[in-house]
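The structure appears right after this line, and notes come after that.
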Amino acid sequence: MKVAIGCDHAGFKLKEFIKSHLQEKGFEVIDKGTYSEERVDYPVYGEAVARAVASKEADKGIVICGTGIGISISANKVKGIRAALCTNEYMAKMARRHNDANILALGGRVLGQDLAISIVDAFFSEEFEGGRHEKRVNLIKQIEENFCKEAG
């Protein structure tokens, strides 16, 4: 599986830790930056990861900023993206099972490394259940389509 990963300066250390973990597990990791703790703007990296997932360059993505909030909002602006900010394993599992989330958002300043790895592993261990949840995901897609038509 190909995973795009990106962060701002506040998520850099956690990104590097997660990247190593994923590579050890056999994932192909596409690092979209940032590449240091020098201050940068999170929307740039949220968009980069989201575009990689939306274009199928990557199968899934991970975005990290201080809280995970700003970068998840940014990623969710890209058509076809369902980025889920998760703070525990259960949220990560449900994001995949029920919402078919394709990007996991994390907070580098609010999660310890061990918990973050548990959340990542939970996210990648689950598949979308479909069924009644597929109808809801399709409704989300329809909102997106309708908005794009109205705004276009």
Side-chain angles (χ1 to χ4, degrees), residues 1-134 136-137 140-141 143-144:
M1 177 182 292
K2 292 182 186 178
V3 179
I5 191 167
C7 66
D8 70 356
H9 54 282
F12 175 72
K13 286 182 181 175
L14 186 57
K15 180 196 75 161
E16 293 298 304
F17 189 76
I18 291 170
K19 185 168 80 170
S20 294
H21 174 75
L22 291 173
Q23 289 169 331
E24 287 173 10
K25 293 188 79 154
F27 289 82
E28 181 180 337
V29 179
I30 304 165
D31 190 339
K32 295 293 184 175
T34 193
Y35 306 106
S36 75
E37 290 183 271
E38 183 177 328
R39 187 170 301 279
V40 294
D41 298 316
Y42 60 79
V44 173
Y45 303 96
E47 179 184 11
V49 170
R51 287 187 181 276
V53 173
S55 71
K56 307 288 190 226
E57 176 189 352
D59 301 304
K60 300 275 185 300
I62 299 174
V63 293
I64 310 164
C65 69
T67 61
I69 297 168
I71 203 163
S72 66
I73 292 169
S74 301
N76 276 316
K77 297 299 180 185
V78 174
K79 185 177 179 181
I81 296 305
R82 290 173 305 283
L85 173 58
C86 298
T87 58
N88 61 53
E89 298 92 337
Y90 181 76
M91 290 174 74
K93 288 179 181 186
M94 292 302 104
R96 286 290 308 127
R97 284 185 201 167
H98 292 186
N99 306 115
D100 198 19
N102 49 15
I103 294 181
L104 172 63
L106 301 169
R109 292 181 175 154
V110 297
L111 295 174
Q113 291 181 335
D114 291 341
L115 178 56
I117 291 300
S118 293
I119 293 168
V120 167
D121 288 346
F123 185 82
F124 287 107
S125 71
E126 297 296 327
E127 295 294 327
F128 180 50
E129 288 181 359
R132 71 183 193 278
H133 306 294
E134 189 163 1
R136 295 168 185 154
V137 170
I140 293 169
K141 290 176 184 177
I143 292 168
E144 189 175 67

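What you see is a predicted model, and the numbers here were worked out from it, not measured in a lab.
For I81, the side-chain contact (heavy atoms from CB on, under 4.5 Å) partners at least two apart in sequence or on another chain are A50, V53, A54, A75, N76, V78, A83, N102, I103. Under the salt bridge (charged side-chain N to carboxylate O under 4.0 Å, His left out) criterion, K19 pairs with E16, D31, not counting sequence neighbours. For R132, there are no side chain to side chain donor-acceptor pair (under 3.5 Å) partners, not counting sequence neighbours. For E57, the salt bridge (charged side-chain N to carboxylate O under 4.0 Å, His left out) test picks out K32, with sequence neighbours left out. Residues forming a salt bridge (charged side-chain N to carboxylate O under 4.0 Å, His left out) with E129 (at least two apart in sequence, or on another chain): none. Listed by chain and residue number, E145 satisfy the side chain to side chain donor-acceptor pair (under 3.5 Å) test with K79 (two or more places apart in sequence, or in another chain). Residues satisfying the salt bridge (charged side-chain N to carboxylate O under 4.0 Å, His left out) test with K25, not counting sequence neighbours, are D121. Taking N99 as the reference, nothing meets the side-chain contact (heavy atoms from CB on, under 4.5 Å) condition, with sequence neighbours excluded.
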Kindly list each side-chain donor-acceptor pair under 3.5 angstrom involving residues 90-98, sequence neighbours excluded, with atom names and distances?
from, atom 1, to, atom 2, distance (Å)
R96, NE, E126, O, 3.4
R96, NH1, D100, OD1, 3.0
R96, NH1, A101, O, 2.8
R97, NE, E126, OE1, 2.7
R97, NH2, E126, OE2, 3.4
H98, NE2, H133, NE2, 3.4

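Each ring pair (Phe, Tyr, Trp, His ring centres under 6.0 Å) pair with one or both residues in residues 26-48, not counting sequence neighbours, appears once here: F27-F124. Each side chain to side chain donor-acceptor pair (under 3.5 Å) pair with one or both residues in residues 106-117, not counting sequence neighbours, would appear here, but there are none.
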*After noting the C-alpha distance and the side-chain angles of I64 and I18, does the key distance pass the side-chain contact (heavy atoms from CB on, under 4.5 Å) rule?*
CA-CA 10 Å; I64 310 164; I18 291 170; 3.9 Å; yes
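Panel note: side chain E144, backbone G80; a donor-acceptor pair is recorded below 3.5 Å.
Nearest heavy atoms, L14 versus G107: CD2-O, 4.2 Å.
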